[in-house]
Protein chains: 2
Amino acid sequence: MPRGFGRGNWHGRFRGCGYRWTIARQSVLDVLGKATRHLSAEDIYMQMHKVNPGVGLTTIYRTLELLVQMGIVIKSDFGEGRARYEMAEGPKGLNHHHHLICTGCGKVIDYTDFIDDEVELLQRTEKGLSKKYNFKISNHLIQFYGLCQVCKNK
Amino acid sequence: MPRGFGRGNWHGRFRGCGYRWTIARQSVLDVLGKATRHLSAEDIYMQMHKVNPGVGLTTIYRTLELLVQMGIVIKSDFGEGRARYEMAEGPKGLNHHHHLICTGCGKVIDYTDFIDDEVELLQRTEKGLSKKYNFKISNHLIQFYGLCQVCKNK
DNA sequence: ATATTAATGAAAATCATTTTCATTAATATG
DNA sequence: CATATTAATGAAAATGATTTTCATTAATAT
Ligand SMILES: [Mn+2]
Ligand SMILES: [Mn+2]
Ligand SMILES: [Zn+2]
Ligand SMILES: [Zn+2]
């Protein structure tokens, strides 16, 4: 195993796609892997700066684009004018979920509840829409907006 | 009725909110009212330029912001890096709908064919989420991504 | 007709993201 | 290990949609 590159088989995964395994890429994955929130590129930059001050913001953008394209990271738009990122697969495995967004304070809650119901409905809806509009649906975006507990009581 | 301002009771609606009724605002509503697609601010600017060359892009942005805030216009993000706008209420009355977005060519299809199940599921989900996360849900965003008929056959 | 001030246009600013280009470092090979 | 290849990187500049600034204009009330 190459020195300095520890856990996971990220190295192999990257090499398998023809990409090099670099400090910057490892570091972005480290930061996202430890994150409990949805991070912006700059959030990641600041976290990383403590450990790897040499890595620039540009590289972070490039790395994130790559990770999204590889399906390792999910990019979301919560309407703040900047993208946010999170690992596609949490510690407990695949992690398809949707978001509850507080329009008061910007807080974002992941939810996986009701996903089963949703999946069934989505399949039916997708089937109907595919047929009616001759559309091959491959993905969906579902977000709920409202006020969180804190903002509600103001 | 004030001269030069024809159809609708927009004037009253604006005055009722303490806003003035201007050529620019009328013109934005004219363009959006006639549109059959989702228009960007610049689309509107170009359309309007033929009729009212004096109105600037800045004013269009300001007007759109106002119209969205008044609930007259809906602002959407289809992932192109620019917002698109459409009337909230079509000629046939209220017009809540979702979008099918082609990732191949960018085409956007409105669909209102909510399967009853979809409405029911949304209500159930909103209810469940509200309870579990103490969230007051007021809105939702649902978009399907895929390939349109044309792009599918390539 | 006039006063008030909201609305506007033009230009500059903002700001997240992307592009450019010279340099660095990951990898393959001997 | 040394070296060649070239993907990856950092810094600085560019991009582009949207917003802000500020002096001017025009909608409204009187
Ligand atoms: Mn999430
Ligand atoms: Mn629409
Ligand atoms: Zn909140
Ligand atoms: Zn298409």
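Lettering follows sequence order; numbering is per chain, from 1. FYI, side chains are in, hydrogens and waters are out, and symmetry mates aren't considered; it's all heavy atoms of this structure.
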Does a side-chain N or O from [X] land closer than 4.0 Å to OP1 or OP2 of [N], or not?
{"X": "A/Thr22", "N": "D/dT9", "result": "yes"}
{"X": "B/Tyr61", "N": "D/dT19", "result": "no"}
{"X": "A/Arg15", "N": "C/dA28", "result": "yes"}
{"X": "A/Arg82", "N": "C/dC15", "result": "no"}
{"X": "B/Arg62", "N": "D/dT19", "result": "no"}
{"X": "A/His11", "N": "C/dT27", "result": "yes"}

Write down the distance between [atom1] ([X]) and [atom2] ([N]), rounded to a whole number of angstrom.
{"X": "B/Trp21", "N": "C/dA7", "atom1": "CH2", "atom2": "C1'", "result": "14 Å"}
{"X": "A/Gln26", "N": "D/dA8", "atom1": "CD", "atom2": "C1'", "result": "15 Å"}
{"X": "A/Glu80", "N": "C/dC15", "atom1": "CD", "atom2": "P", "result": "14 Å"}
{"X": "B/Leu66", "N": "C/dA6", "atom1": "CG", "atom2": "P", "result": "14 Å"}
{"X": "B/Asp77", "N": "C/dT17", "atom1": "CG", "atom2": "C1'", "result": "14 Å"}
{"X": "B/Arg25", "N": "D/dT28", "atom1": "CZ", "atom2": "C1'", "result": "13 Å"}
{"X": "A/Ile44", "N": "C/dT17", "atom1": "CD1", "atom2": "P", "result": "11 Å"}
{"X": "A/Leu57", "N": "C/dA16", "atom1": "CG", "atom2": "P", "result": "9 Å"}

For [N], give the paired nucleotide (Watson-Crick: N1-N3 plus N6-O4 or O6-N4; G-U: N1-O2 and O6-N3; both under 3.5 Å), or none.
{"N": "C/dT23", "result": "D/dA8"}
{"N": "C/dT18", "result": "D/dA13"}
{"N": "C/dA28", "result": "D/dT3"}

* More than 12 heavy atoms of other groups within 6.0 Å of A/Glu42 CD ->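 Atom CD in A/Glu42 is not packed in, count stays at 12 or less.
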
* To do: Determine whether any donor atom in the side chain of B/Arg20 lies under 3.5 Å from an acceptor atom in the base of C/dA7, or the reverse, and answer yes or no.
  =>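 No pair found.
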
* **A/His98-A/His140 side chain donor-acceptor pair, cut-off 3.5 Å** =>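 Distance-only check passes for A/His98 and A/His140.
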
* Pair A/His97-A/Glu86, side-chain donor/acceptor within less than 3.5 Å ->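 Yes, because at least one side-chain N or O of A/His97 sits under 3.5 Å from a partner of the opposite role on A/Glu86.
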
* **5' priority, DNA chain D, between B/Tyr19 and A/Ile60 [closest heavy atom]** =>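 Closer to the 5' end of DNA chain D: A/Ile60.
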
* Asked: Hey, what do you get for OH (A/Tyr111) to CG (A/Leu100), rounding to the nearest 0.5 Å?
  ->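 Rounded to the nearest 0.5 Å, the OH-CG separation comes out at 6.5 Å.
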
Side chain of [X]: nearest nucleotide among [options]?
{"X": "A/Ala41", "options": "C/dT17, C/dA11, D/dT28", "result": "C/dT17"}
{"X": "A/Ile23", "options": "D/dA11, C/dA26, C/dA10", "result": "C/dA26"}
{"X": "B/Thr58", "options": "C/dT17, C/dA10, D/dA12", "result": "C/dA10"}

* To do: Name the nucleic acid region contacted by B/Gly54, choosing base, sugar-phosphate or nothing; use a 4.0 angstrom heavy-atom cut-off, strictly under.
  =>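 B/Gly54: backbone/sugar contact only, no base atoms under 4.0 Å.
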
* **Aromatic centroids of A/Phe78 and A/His38 separated by under 6.0 Å** =>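 Yes - the distance between ring centres of A/His38 and A/Phe78 falls below the 6.0 Å cut-off.
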
* Pair A/Asn9-A/Arg13, side chain to side chain contact (heavy atoms under 4.5 Å, CB included): steps then yes or no -> CA-CA 6 Å; A/Asn9 57 336; A/Arg13 175 117 179 239; 5.6 Å; no

